[in-house]
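Below is one structure, written out as structure tokens; comments come after it.
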Amino acid sequence: MSDAESGGSGGGLVIVYTGGGKGKTTAALGMALRALGHRKRVCMVQFIKGSWKYGEMESSKMLEPGFEMIAAGKGFVGIIDDKSPREDHERIAGEAVRLASEKVRSGAYDIVILDEINYAIDLGLVPVSDVLKMLDARPPEVSVVLTGNRAADQIVERADLVTEMREIKHPFKKGIRAKKGIDF
Ligand code: ATP
Ligand code: MG
């Protein structure tokens with residue numbers, strides 16, 4: 001492939017979607033859709049997920065085998081009000097990181113999305129050093145997308161592309177509840 005076709009540098013990127021405004025996970029999914037159109041392979045590992053049925057859990061099946069979706073953070077359901085011991089959360093987070101590292105290292109994917117991993121780091125469930133190691137160990141052509149608010153400084157430093165979603169308005173603020181197909 002020519003440099004122009006490959007987009008220049010030829011190497012994979014570290015991409016961060018952070019900030020308090022809506023659109024971080026949606027941006028990563030949009031990129032996945034774009035990449036799949038070029039027959040690229042994408043894996044999305046979900047670190048923290050609520051009990052809601054997110055539409056992408058269903059639609060990702062329509063995009064197989066190019067797109068693989070893994071709900072690694074199932075155990076995080078209700079973490080905020082969850083009574084299960086912190087060690088359980090840490091263990092599940094550790095397993096999620098190991099799984100994600102395997103996916104990144106495997107070379108089987110062009111893009112690996114680590115959805116909500118920034119929250120897991122912020123909550124102290126995932127050591128930032130483990131994530132930096134994962135980024136260092138990746139094959140050079142693999143891009144990694146990290147989503148979630150309050151991205152760690154070290155992750156931002158390490159990234160090639162960082163976008164901060166900033167809330168200007170959110171319907172939630174005027175009491176409009178989450179909408180199917182827009183929020184989940
Ligand atoms: P989305 O999945 O819609 O792209 P996100 O990834 O930017 O959102 P998260 O922090 O992962 O945001 O939050 C997930 C849920 O919270 C979604 O249902 C989303 O619509 C909602 N949400 C996101 N930002 C806000 C906000 N500023 N105020 C209220 N709810 C929000
Ligand atoms: Mg999100």
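Indexing begins at 1, ligand by ligand and atom by atom, following the structure's order.
Checked by atom type and distance alone, the side chain of H170 pairs as donor or acceptor with a backbone atom of F172 at under 3.5 Å. Although no hydrogens or angles enter the test, the distance criterion places no donor-acceptor pair under 3.5 Å between the side chain of R41 and the main chain of L36. At least one donor-acceptor pair closer than 3.5 Å links the side chain of T18 to the backbone N or O of A151.
Not a single N or O atom of Y54, backbone or side chain, sits closer than 3.5 Å to an N or O atom of ligand 1. Between K22 and ligand 1, a contact under 3.5 Å exists for at least one N or O pair. Considering backbone and side-chain N/O of I182, none are found under 3.5 Å from N/O of ligand 1.
A search for salt bridge (Lys or Arg N to Asp or Glu O under 4.0 Å) contacts involving R34 returns nothing, not counting sequence neighbours.
Using a 4.5 Å heavy-atom cutoff, the side chains of V145 and I111 are in contact. In this structure the side chain of Y17 reaches within 4.5 angstrom of the side chain of M31, judged on heavy atoms. Between V14 and L146 the shortest side-chain heavy-atom distance falls below 4.5 Å. In this structure, the side chains of N118 and V16 come closer than 4.5 Å at one or more pairs of heavy atoms.
Remark: distances from the non-hydrogen atoms of Y119 to ligand 1 include one below 4.0 Å. At least one heavy atom of E167 sits less than 4.0 Å from an atom of ligand 1. In this structure, G21 has a heavy atom closer than 4.0 Å to ligand 1.
When non-hydrogen atoms are compared, ligand 1 lies under 4.0 Å from the side chain of H170 (C-beta onward) but not from its backbone.
Near E116, meaning under 4.0 Å from any of its heavy atoms, are these atoms of ligand 1: 11 (O). Set against the non-hydrogen atoms of F172, the atoms of ligand 1 under 4.0 Å away are 29 (C).
When distances to the Mg ion (ligand 2) are checked against a cut-off of 2.8 Å, T26 contributes no N, O or S atom below that limit.
Here atom 2 (O) of ligand 1 lies nearest to T25 when heavy atoms of T25, T147, N149 are compared.
Atom OE2 is the N, O or S atom of E116 at the shortest distance from the Mg ion (ligand 2).
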